Amino acid sequence: MRIGLYPGTFDPITLGHSDIIRRGCSLVDRLVIGVAINRDKGPLFSLEERTAMIEAESAKISSETGCEIVVHPFDNLLIHCARDVGATVIIRGLRAVADFEYEYQMVGMNRAMDNSIETVFLMAEAQHQAIASKLVKEIARLGGDVSKFVTPSVKAALLERLG
């Protein structure tokens with residue numbers, strides 16, 4: 001069984017994330033969505049809320065693709081999380097050149113720690129490439145419509161949280 005790990009904060013999960021999950025499923029038999037606890041980022045949603053949102057959104061994708069999707073919170077090194085879940089590939093989404101510079105460094109460090117785990121970069125479909133959770137939260141906070149960026153259930157959670 002080929003196992004992939006797609007890590008992120010997912011605060012909240014966006015249509016860009018869902019696109020990468022769907023496309024990542026075509027590469028692996030089991031996709032583990034690693035939800036970074038990352039207290040330093042000060043997430044809007046708790047770990048439990050983010051996990052629940054991801055489970056709800058990924059259940060649809062799992063039934064469409066036949067890929068087993070598991071949500072797995074983690075607070076250790078990404079490479080250690082990959083080992084913990086048995087992943088042989090880390091799936092990362094890229095939006096822009098700025099993402100690539102950071103990801104390039106991350107791959108180098110991860111390969112230095114364990115060169116048996118590959119990293120694959122996927123770009124979301126064009127209509128989802130600019131979506132960033134940080135921007136979605138800002139748009140929602142300022143009263144903008146986030147319908148083009150998140151599912152209706154995630155939009156409802158944002159509106160409830162932000163009032």
Side-chain angles (χ1 to χ4, degrees), residues 3-78 80-82 84-87 89-96 99 102-103 106 119-163:
I3 301 170
L5 171 64
Y6 176 37
T9 306
F10 305 102
D11 185 42
I13 185 170
T14 68
L15 295 177
H17 293 130
S18 295
D19 184 54
I20 298 297
I21 292 167
R22 181 174 282 104
R23 294 174 57 238
C25 279
S26 69
L27 303 175
V28 297
D29 303 303
R30 176 187 295 150
L31 182 62
V32 177
I33 302 174
V35 185
I37 293 172
N38 205 340
R39 292 171 187 88
D40 295 338
K41 280 191 172 182
L44 177 63
F45 293 100
S46 70
L47 176 64
E48 293 76 19
E49 291 168 321
R50 290 181 285 140
T51 299
M53 279 190 265
I54 296 164
E55 286 172 344
E57 299 303 318
S58 63
K60 301 169 196 170
I61 298 169
S62 181
S63 67
E64 291 169 8
T65 64
C67 178
E68 179 186 358
I69 300 176
V70 177
V71 180
H72 176 80
F74 74 102
D75 65 354
N76 55 345
L77 286 173
L78 176 58
H80 292 164
C81 178
D84 291 346
V85 301
V89 63
I90 296 169
I91 296 171
R92 299 291 292 167
L94 286 179
R95 288 184 303 250
D99 285 348
Y102 170 77
E103 295 294 344
M106 179 77 80
T119 299
V120 174
F121 297 106
L122 297 175
M123 294 193 73
E125 293 294 336
Q127 70 267 28
H128 302 307
Q129 283 180 7
I131 301 174
S133 294
K134 179 180 177 181
L135 297 177
V136 169
K137 289 184 287 193
E138 187 69 12
I139 291 167
R141 187 175 287 119
L142 296 172
D145 183 12
V146 295
S147 300
K148 294 180 181 177
F149 313 120
V150 296
T151 62
S153 59
V154 173
K155 177 183 175 183
L158 275 166
L159 295 177
E160 182 180 322
R161 177 57 43 91
L162 297 172

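This structure is a prediction, so every number in the text was calculated from the model and none was measured.
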Closest approach of Y6 to G93 (non-hydrogen atoms, all atoms of both residues)
CE1-N, 4.2 Å

Go through it in stages, so that I can follow the logic: the residues are V154 and V136, the test is side-chain contact (heavy atoms from CB on, under 4.5 Å), and I'd like the CA-CA distance, side-chain angles, deciding distance and then a yes or no.
CA-CA 11 Å; V154 173; V136 169; over 6 Å; no

Between CG on residue L44 and CG on residue D11, distance to nearest 0.5 Å:
5.5 Å

Evaluate the criterion side-chain contact (heavy atoms from CB on, under 4.5 Å) for residue pair L5 and L78; output intermediate values, then yes/no.
CA-CA 9 Å; L5 171 64; L78 176 58; 3.6 Å; yes

Using every non-hydrogen atom in the two residues, find where P7 and I91 come nearest and quote the distance to one decimal.
CD-O, 3.3 Å

Are K137 and P12 close enough that some pair of their side-chain heavy atoms sits under 4.5 Å apart?
yes

Considering all heavy atoms, the nearest H128-G16 contact:
CB-CA, 3.8 Å

Between the CZ atom in R161 and the CZ atom in F45, the distance rounded to the nearest 0.5 Å is 5.5 Å

Backbone of I37 reached by a side-chain donor or acceptor of D75 within 3.5 Å:
no

Do you know the tightest heavy-atom contact between T14 and S133?
CG2-OG, 3.6 Å

Exercise: identify the closest heavy-atom pair between T9 and R50:
O-NH1, 2.8 Å

Interatomic distance, I20 atom CD1 to L15 atom CG [nearest 0.5 angstrom]
12.0 Å

Working note: F149 + I139, criterion side-chain contact (heavy atoms from CB on, under 4.5 Å); need CA distance, chi angles, decisive distance, verdict.
CA-CA 10 Å; F149 313 120; I139 291 167; 3.8 Å; yes

So, taking the atom named CD1 in I33 and the one named CD1 in I61, what distance separates them when rounded to the nearest 0.5 Å?
7.0 Å

Nearest 0.5 Å, what's the NZ-OG1 distance between K60 and T151?
5.0 Å

I want to check something: taking the side chain as every heavy atom from C-beta on, are E49 and P43 in contact at a cut-off of under 4.5 Å?
no

With rounding to the nearest 0.5 Å, note down the distance linking CZ in R23 to OG1 in T65.
13.5 Å

Would you say S62's side chain and S58's backbone share a donor-acceptor pair under 3.5 angstrom?
no

Quick check: are there more than 12 heavy atoms from other residues, nucleotides or ligands sitting under 6.0 Å from CD of E160?
no

Taking all atoms of both residues into account, what is the closest heavy-atom pair of L94 and E103, and its distance?
CD2-CG, 3.8 Å

Are I131 and R95 close enough, and set up right, to give a side-chain contact (heavy atoms from CB on, under 4.5 Å), and what steps lead you there?
CA-CA 8 Å; I131 301 174; R95 288 184 303 250; 5.8 Å; no

